[in-house]
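Please read all numbers here as calculations on a predicted model, not as lab measurements. Just so we're on the same page: letters track the sequence lines, and every chain starts at 1.
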There are 2 protein chains.
Amino acid sequence: MELQKFIETNGTLIQIEKGEQVFAQGELCDYVYLVKTGLLKAFYLTENGKETIKSFVQSGTIIGSLNAAHCHVPSTFSLQAIEACKLIQVPFKALLTLSKESISISQELIQILLSLSLKKERREFELLTLSATQRYENLCSAEPELVKNLTQNDIAKYLGITPVALSRIKNK
Amino acid sequence: MELQKFIETNGTLIQIEKGEQVFAQGELCDYVYLVKTGLLKAFYLTENGKETIKSFVQSGTIIGSLNAAHCHVPSTFSLQAIEACKLIQVPFKALLTLSKESISISQELIQILLSLSLKKERREFELLTLSATQRYENLCSAEPELVKNLTQNDIAKYLGITPVALSRIKNK
DNA sequence: TGTCAGTTTTAACATAGGTTAATGCTCACC
DNA sequence: GGTGAGCATTAACCTATGTTAAAACTGACA
């Protein structure tokens, strides 16, 4: 919570419209964002132009390309608003610096990274062991509200299938 | 490096034979392990008895079910030796406690968690956007030495396909 | 050297999901 | 109320991978 407070007081508020991008794959982005309101998607674009969604980002979440920010390399994914959003932007470096001075901030960062890695582990597990149908059912039961606000196109891209395949799955 | 030193001096050495498990899916495991020598696999077992490999664990790596250790819940995966191994075992809690007292340890933990999340991100990307053939090619070019030491069965389970499918991919 | 267990390959068939394209639906805007 | 853009469904066909089972290979050991 200390961390959240720091971001809110030291960060800058940015507002983005539906469809706009916060940052794009291939760009440097040294910031981390706290989502105040709205909904975003983080997605990859492959060379042949196909989009696959890494995650949906809901309010309350801290998001950023940690990779890009930390190693000063281009981001591997884009972040785009599905609905109009209010975000608070803060340089990732500021957080790291702060964490060097404060044990409690360090601990919070560790907590955040731990829970991030849990989330990714679950996702990895699902991609590795479940069928598209099972992944769809999981998503529906884990995030019923979210699913209602998404297009079938975006749900399909999140599941790693085409919208056509998702339509088929639904009609069973 | 401080962290590694701490583990080496405060941890207990354990040796396990090829085929033995360090911990099993479903068990509590509050430890973290530093791999001194050997090779292991971390894998999931699904209800219908199918095994899928999450990652191969080589010497120098720190491994454990962070999830299980941190939240005191059963591990979601098993850890098994592919070759005889020497590991150093230390309670995850000891690391967390230590990190609360030392900024430099906290920082190291943050680094480890960051690089862990990068690794998982790459894996997620591959599972989501690449075909089995591409994933196999990636693995061969990224870890040629590792691939030589694995059975086709284990490689297939890591790629998320059957050994039969992998054999087909190779003969193209 | 022969045998056996474990691994890999091959083959035949089944199924999930991809691709393309046509059709139908819905809602914002004139 | 009519029109058009974007979204969702359906259908026909294609390809990758799964499943099962048999055959071939490999290496350890009696």
Study note, to complete from the structure: When rounded to the nearest 0.5 Å, the distance separating CD of A:E124 from NZ of B:K54 is 4.5 Å
Practice item. Look at B:K41 together with B:D154 and state whether they make a salt bridge at an N to O cut-off of under 4.0 Å. Key: yes
Point to revise | Electrostatic pair B:R123:B:E126 at N-O distance under 4.0 angstrom | key: no
**Study point:** Under 4.0 Å protein heavy-atom contacts per nucleotide of nucleotides 4-19 of chain C, with B for base, S for backbone only and - for none
**Key:** ----SSBBB----BBB
Practice item. Check the pair B:Y31 / B:F92 against ring pair (Phe, Tyr, Trp, His ring centres under 6.0 Å), numbers first and verdict last. Key: CA-CA 5 Å; B:Y31 299 98; B:F92 181 59; over 10 Å; no
Practice item. Pick out which of B:L116, B:L95, B:I112, B:V57 makes a side-chain contact (heavy atoms from CB on, under 4.5 Å) with B:I62. Key: B:I112
